[in-house]
Protein chains: 2
Amino acid sequence: MAARLTAVEDYKDLLDKYDTWLFDCDGVLWNGDNVVDGAVEALDLLRSRKKRIIFVTNNASKSRRTYKKTFDKLHVEAQVDEIFGSAYAAAVYLSSVIKLPRHKKVYVIGMAGLEEELRDEGINFLGGTDPSDNTVAPFSLSSFTLDPDVAAVLCGLDTSINYTKLCKAFQYLTRNPGCLFLATNEDSTFPIDGGLLPGAGALSAPLRFSVGRDPLSIGKPASTMLDCIKAKHNFDPKRTIMVGDRLNTDILFGKNSSLSTLLVLTGITQESEISGPDPSPIIPDYVTQSIGDFRVAL
Amino acid sequence: MAARLTAVEDYKDLLDKYDTWLFDCDGVLWNGDNVVDGAVEALDLLRSRKKRIIFVTNNASKSRRTYKKTFDKLHVEAQVDEIFGSAYAAAVYLSSVIKLPRHKKVYVIGMAGLEEELRDEGINFLGGTDPSDNTVAPFSLSSFTLDPDVAAVLCGLDTSINYTKLCKAFQYLTRNPGCLFLATNEDSTFPIDGGLLPGAGALSAPLRFSVGRDPLSIGKPASTMLDCIKAKHNFDPKRTIMVGDRLNTDILFGKNSSLSTLLVLTGITQESEISGPDPSPIIPDYVTQSIGDFRVAL
């Protein structure tokens, strides 16, 4: 059972035990345009204690630079190199985890933010926002030339997904020997104002089905995300805690990565899912109502 | 174990036992532009014995009228009403199996051939080839109005697949109460000159993944296809045989539909898959090398 943080000492103990604090953002620090009450003070407290802070998000359409604008708009302090989106993590996976040879290329189903991160990590790519691949015109296999240097297909959220991109990715995955199949994340949907839309996981599904292979997913809950963070930051996983609002992404990511986990109830997960008659099998180490609760340790 | 047809009597017995002959086309009657040797004579033989012939194909991009042009080009005799493509079958499923009320509509991911069949069966639809849904421009949920009369999403092969179509279909499936989720077929790929491309099953995969529901598939191997054929033709399933070249579509369809089955080896399935050391669990009732073998019974 998860330990419920209540007393001042509980919060102080956590501050003593963990040097590195990984945060999911939406549902933890803010909800849409509303900053969670006390979140800024809690982050300030961690910074004043010299804790390392890393923001870990599955957002694959934005680069870290673009995602930082959300922090700025909401007046939540963050540095670009504290932000780990799944687009950046995918680029780091290629550049620093598997060390893709410089002359190799990646075929991208994804948007400008993903391209920006790949470019920054020195990864050559095709597809993405290339106008010739962003069309609903018929795809012709006979006028397509397979680039033998494409060693991976990387699939993220792409609101310009179309048959040409799917066909090209399919050809690389089935005809280029050893071609890797990567997905930024497997989120089935993502929330926008007024509802939900199909997420990055839905956009890799046609390839998964037609090729008959599952992609290696980079984002939460896969521990691959931690491998990518480790490639850029030096820290002791035993003294690291993942703070999130979703059991099946954030908390499962922490567990898959052998990190401690703290669930907050300001987002998706309801109290009943952890303490009700039919609780989730994914059990966080700690639970508190809100990240703002840490203010008691000020 | 499948019975191997060899003697003249074997072929004559089958001609006596079955009144209705269902045929897959590609791999059975022809391969690409090449008619299987003896196929025309075999069909003529069946016609001379007053057998009912029905061509059962999973092709979902062509209407029966357009598909008949393939027969005409190859000089294989066929009537439009002998052809059951999965596009037509889907239209028949809506009009005659579930009898969709006239004022209800279908949101279509699919091409002109599917629309033609729906129109012929009197089914109202949205999406499909509508230019406003065939775009790679961003989709905006706030400028989208849900049509409350949409009672089904139907997904077939659509080489203009895009995010707008996926988002609209997703909204109908998740927000219109009781909205049906139908797929013309679940083929993961389809062959074209020079290779394979992702098939209709791959294009329903994003919805399957994001909505968390499997579509009802109309085409082979689903027995739904037989329900649709029965809605238009009167025949005795006990005196009906399905002839095909693929174990996991044609032969499985026959088995799922309690029909007798005849495998030919002029297409996908190799001899080793039925008689080798690790045979398929899908066992046809009969096997012959080619449909042309029936000429011995002339």
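Note that the coordinates shown come from a computational prediction; the quantities given were computed from them, not determined experimentally. Residue numbers begin at 1 in each chain, while the letters A, B, ... track the order of the sequences.
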Contacting region of Leu173(A) [heavy-atom separation from chain B under 4.5 Å]: neither
Side chain to side chain, Gln270(A) and Glu273(A), heavy atoms closer than 4.5 Å: yes
Flag side-chain contact, heavy atom, 4.5 Å: Leu154(A) against Phe181(A): no
Which atom of Met111(A) lies closest to which atom of Thr159(A), heavy atoms considered: CE-OG1, 3.3 Å
Choice from Thr164(A), Asp158(A), Leu196(A), Ile192(A) maximising heavy atom contacts with chain B below 4.5 Å: Leu196(A)
Mutual orientation of the aromatic rings belonging to Trp30(A) and Tyr67(A) [parallel < 30°, tilted 30-60°, perpendicular > 60°]: tilted
Between Cys167(A), Ala205(A), Pro198(A), the one whose heavy-atom pairs under 4.5 Å with chain B are most numerous: Pro198(A)
Stepwise ring pair (Phe, Tyr, Trp, His ring centres under 6.0 Å) check, Tyr172(B) with Tyr107(B): CA-CA 8 Å; Tyr172(B) 285 120; Tyr107(B) 186 79; 5.7 Å; yes
Contacting region of Asp193(A) [heavy-atom separation from chain B under 4.5 Å]: backbone
Expected output: side-chain Lys220(A) to main-chain Val56(A) donor-acceptor under 3.5 Å: yes
Portion of Leu197(B) that has a non-hydrogen atom of chain A nearer than 4.5 angstrom: both
Check: Tyr88(B)/Asn59(B) side-chain N/O donor and acceptor closer than 3.5 Å: no
Chain B contact residues among residues 206-219 of chain A, heavy-atom distance under 4.5 Å: Pro206(A), Arg208(A), Phe209(A), Ser210(A)
Least distance between heavy atoms, Ala87(A) atom then Lys62(A) atom: CB-O, 4.0 Å
Interface moiety of Ile161(A) toward chain B, non-hydrogen atoms closer than 4.5 Å: both
Greatest number of heavy atom pairs closer than 4.5 Å to chain B - which of Gly199(A), Ala137(A), Ser142(A), Gly201(A): Gly201(A)
Proximity breakdown for Phe190(A) and chain B, heavy-atom pairs closer than 4.5 Å: side chain
salt_bridge(Asp24(A), Arg246(A)) N-O dist < 4.0 Å: no
Salt bridge Lys168(A)-Asp130(A), side-chain N to carboxylate O under 4.0 Å: no
Atom group of Thr135(A) that falls short of 4.5 Å from chain B, counting heavy atoms: backbone
